[in-house]
Amino acid sequence: MKKRQKGKGLTPRAEDFSAWYNEVVQQAELADYSPVRGSMVIRPWGYGIWEKMQRALDDMFKATGHQNAYFPLLIPMSFIEREKEHVEGFKPELAVVTHAGGKELDEAYVIRPTSETIIYSMYAKWVQSYRDLPVLLNQWANVMRWELRTRLFLRTAEFLWQEGHTAHATESEAEEEARTILGVYRTFMEDWMAMPAITGLKSEAEKFAGAVRSYACEALMQDGKALQAGTSHMLGQNFARQFGLTFQSEEGREEYAWNTSWGVSTRLVGGLVMTHGDDVGVVLPPKLAPTQVVVLPIGRSDDQWAVVAEKARRIEAELNDRGIRALADQRRHLSPGAKFFEWERKGVPLRIEIGPRDVERGEVVVVRRVSGEGEARKESMSEAAALGGIENRLAALQRRLLDAARARRDAATYRGEVSSTDELGDLLNEGAGFVYSGWSGDPGVEDRVKNETRATIRVIPSREFRSDTAPTRCVGGGGANMEVVWARAY
RNA sequence: CGGGGCGUGGCGCAGUUCGGUAGCGCGCCUGCUUUGGGAGCAGGAGGUCGCCGGUUCGAAUCCGGCCGCCCCGACCA
């Protein structure tokens, strides 16, 4: 449990990615361990990122016709037990409330691990006719899954997420909904998080407990491991049957509704860190940075300080007026160097320095958190030029982060014929992240590969991600019936 | 649940082998000097050494038991 001294250097990613991650999350003050096993405290800087994610996603859900609602934290045990696959999938990780009000409860409640059961039981009450459909709701909530092993953001016993739950009159409409949301997630990941994601269908072994089909967005982290970043499930009529979610069709027949559910969680914050972070710390895409520009006054004497502090305040206000999230760091007890390190560790995209020398020249210094090919990290320029150019710089950084992440992913992606488990294992050990190969569709092969290489089928890729030439050979031997993407995953 | 590691001021650690009444760095407080890449000096606050029991004149240190946390695997968003 050897940790670097607080406030000093991080373990380099290349030395120990896992240690780097744990350190960077804590040192950037994204989250901290709590007194509750497996549960973290999300600190203001981390929560600020989550709030930005929430806002963007919420707007996208609303734009696609969804509304927010809220359902109870506690779910009657009998509800969870109603759908067979669902209960099998979640039973091992349920936290159960057996006592309340000083008495043992007649029926235990589970703390929701996900809310399908209670939500569809309510939909059953609300839906009578095809005219009541579709129901398109989302909720922002916390859920609890008693995981055996936890990691800050990536897998915590309690986590925050959104879960969308919809009911439709037809199978095709539900299917379309599941795919629409998959697209929303992918767009969000790329446009906001600058995290490229591949989409596709989950194999039977990897699909959601209770779903007919699960779709997922998978992203590749810098260490070559995949992160399931979002899932969208076509639930068919499985839950509708168990909860009596029926409606009368236009033709007068009683029919079961078709459901979908979909979610992304605070895990995305971890994904963001592992996608863009460097050995200095977090690197935030401007669109999700709680503070996009930190303004640092630098001065010696009180007289100097008065001048630079005032100038910093003005620049902060002017940027905020332009819709840019700026913060003037007016703390006098910290040296400039200490502030540089702090804000770089936290990943603020841009910094404006205002010192006595700048004031004399009528200039400011603009510093990038990360600079691209041929870009200076620090540049002096007039205040007007700095203020006017900030938006473009932020936009350019946003683009560059996505390009860089995509380039890393592509460099760590192997496409070609793979005809044995050993070959797949070798590729993974040689640094491959995503390995595309043929698959017969045999779950036995998938299981064997998992045991021997620790890799799983992340997705059966959507059309646009498939290889130009379909693989003919199959990892488990024999012929390929489809193309799949393998990876070791978080 | 298997394997490994660790519990000592807020944080990171030393001290444990060989028992003698707790120390270092960072941080924190006060003052002065400082401030363009983790400031300096001076003074100061802060610890029932994870918990319970045992051995002993005396336990952070030895013995027994328990608890917790972290890391690596299996399970999973």
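Within every chain, numbering begins at 1; the chains are lettered A, B, ... in the order of the sequence lines, protein sequences first and strands thereafter. Values below: every heavy atom of this structure, side chains too, minus hydrogens, waters and symmetry copies. Please read all numbers here as calculations on a predicted model, not as lab measurements.
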>> Suppose we call a contact any N or O donor and acceptor under 3.5 Å apart; does that hold for the side chain of A:Arg377 and the base of B:G37?
In response: yes
> When we call it a touch if two heavy atoms are under 4.0 Å apart, what does A:Glu344 touch: a base, just sugar-phosphate, or nothing?
Replying inline: base
> Now, which nucleotide makes the Watson-Crick or G-U wobble pair with B:C62, with each of the two distances under 3.5 Å?
Replying inline: B:G54
> Do the side-chain N or O atoms of A:Tyr33 get closer than 4.0 angstrom to the phosphate oxygens (OP1, OP2) of B:C11?
Replying inline: no
>> So, does A:Lys450 get its side chain near the phosphate of B:C75, meaning an N or O under 4.0 Å from OP1 or OP2?
In response: yes
> Is the A:Tyr120 ring parallel, tilted or perpendicular to the A:Phe239 ring (thresholds 30°, 60°)?
Replying inline: tilted
> Is any side-chain N or O of A:Asn22 closer than 4.0 Å to OP1 or OP2 of B:C71?
Replying inline: yes
>> By nearest heavy atom, map A:Lys378 and A:Leu152 onto RNA chain B; which one lands nearer the 5' end?
In response: A:Lys378
> When rounded to the nearest Å, what value does the distance between P atoms of B:C41 and B:C57 take?
Replying inline: 48 Å
> Atom OH of A:Tyr490 and atom P of B:C75: how far apart are they, to the nearest Å?
Replying inline: 17 Å
> Looking only at atom P, what distance separates B:A14 and B:C62, rounded to whole Å?
Replying inline: 15 Å
> When rounded to the nearest 0.5 angstrom, what distance separates CD in A:Glu353 from CG in A:Asp329?
Replying inline: 12.0 Å
>> Measuring to OP1 and OP2 of B:G73, would you say a side-chain N or O of A:Arg454 lies under 4.0 angstrom away?
In response: yes
> Atom CD of A:Glu353 and atom P of B:U35: how far apart are they, to the nearest Å?
Replying inline: 16 Å
>> Expressed as a whole number of angstroms, how long is the span from A:Asp302:CG to B:U35:C1'?
In response: 12 Å
> Per the atom types in the model, does the base of B:G36 pair as donor or acceptor with the side chain of A:Lys339 at under 3.5 Å?
Replying inline: no
>> Distance check needed: B:C71 C1' versus A:Phe17 CZ, whole Å only.
In response: 16 Å
>> Could you check whether any side-chain heavy atom of A:Asp59 comes within less than 4.5 Å of a side-chain heavy atom of A:Phe188, counting everything from C-beta outward?
In response: no
> Can you tell me the Watson-Crick or wobble partner of B:C32, both distances under 3.5 angstrom?
Replying inline: B:G40
> Looking at the side chain of A:Asp358, which of B:U35, B:C1, B:G36 is the nearest nucleotide?
Replying inline: B:G36
> Looking only at N and O atoms, is any donor in the side chain of A:Glu342 or the base of B:G38 less than 3.5 Å from an acceptor on the other one?
Replying inline: no
>> Both A:Ile298 and A:Ala205 contact RNA chain B. Which one's nearest nucleotide lies toward the 5' end?
In response: A:Ile298
>> Distance check, P atoms only: B:C51 and B:A60, in whole angstrom units.
In response: 11 Å
> Considering only the P atoms, how many Å lie between B:U16 and B:C29, rounded to the nearest integer?
Replying inline: 34 Å
> Where do A:Glu342 and A:Lys346 land on the salt bridge (charged side-chain N to carboxylate O under 4.0 Å, His left out) test, with the steps shown first?
Replying inline: CA-CA 6 Å; A:Glu342 177 176 334; A:Lys346 288 185 166 182; 3.8 Å; yes
>> Students often mix this up, so state it plainly: with edges at 30° and 60°, are the rings of A:Phe159 and A:Trp161 parallel, tilted or perpendicular?
In response: perpendicular
> Taking CD from A:Glu360 and C1' from B:G36, how many angstroms apart are they, rounded to a whole number?
Replying inline: 13 Å
> How is A:Thr156 classified with respect to the nucleic acid when contacts are heavy atoms under 4.0 Å: base, sugar-phosphate, or nothing?
Replying inline: base
>> Between B:G36 and B:G9, how many Å separate the two C1' atoms, rounded to a whole number?
In response: 36 Å
>> Only pairs with both distances under 3.5 Å count, Watson-Crick or wobble alike; so what is the partner of B:G25 in this structure?
In response: B:C11
> So, do A:Phe340 and B:G37 meet the stacking rule of ring centres under 5.5 Å and planes under 30°?
Replying inline: no
> Taking the six-membered ring for Trp, are A:Phe208 and A:His86 ring centroids under 6.0 Å apart?
Replying inline: yes
>> Looking at A:Glu218 and A:Arg409, is there a salt bridge between them, counting it only when a charged N and a carboxylate O are closer than 4.0 Å?
In response: no
> Rounded to the nearest Å, what distance is computed from the CG atom of residue A:Leu296 to the P atom of nucleotide B:G36?
Replying inline: 12 Å
>> If you only use heavy atoms from C-beta on, which nucleotide in B:G37, B:C75, B:A39 is closest to the side chain of A:Ala338?
In response: B:A39
>> Looking at B:C1, which nucleotide sits across from it as a Watson-Crick or G-U wobble partner, both distances under 3.5 angstrom, or is there none?
In response: B:G73
> Taking atom C1' of B:U35 as reference, at what distance in whole Å does atom CG of A:Leu334 sit?
Replying inline: 10 Å
>> Strictly by Watson-Crick or wobble contacts shorter than 3.5 Å, is anything paired with B:C6, and which nucleotide is it?
In response: B:G68
> Roughly, in whole Å, what's the span from CZ in A:Arg357 to C1' in B:U35?
Replying inline: 12 Å
>> Suppose you measure atom C1' in B:C13 against the same atom in B:U55; what distance do you get, rounded to whole Å?
In response: 30 Å
>> Between the base of B:G36 and the side chain of A:Arg300, is there a donor and acceptor pair under 3.5 angstrom?
In response: no
> Only one of A:Arg351, A:Lys339, A:Arg369 clears side-chain hydrogen bond (donor to acceptor under 3.5 Å, both in side chains) with A:Glu344; which?
Replying inline: A:Arg351
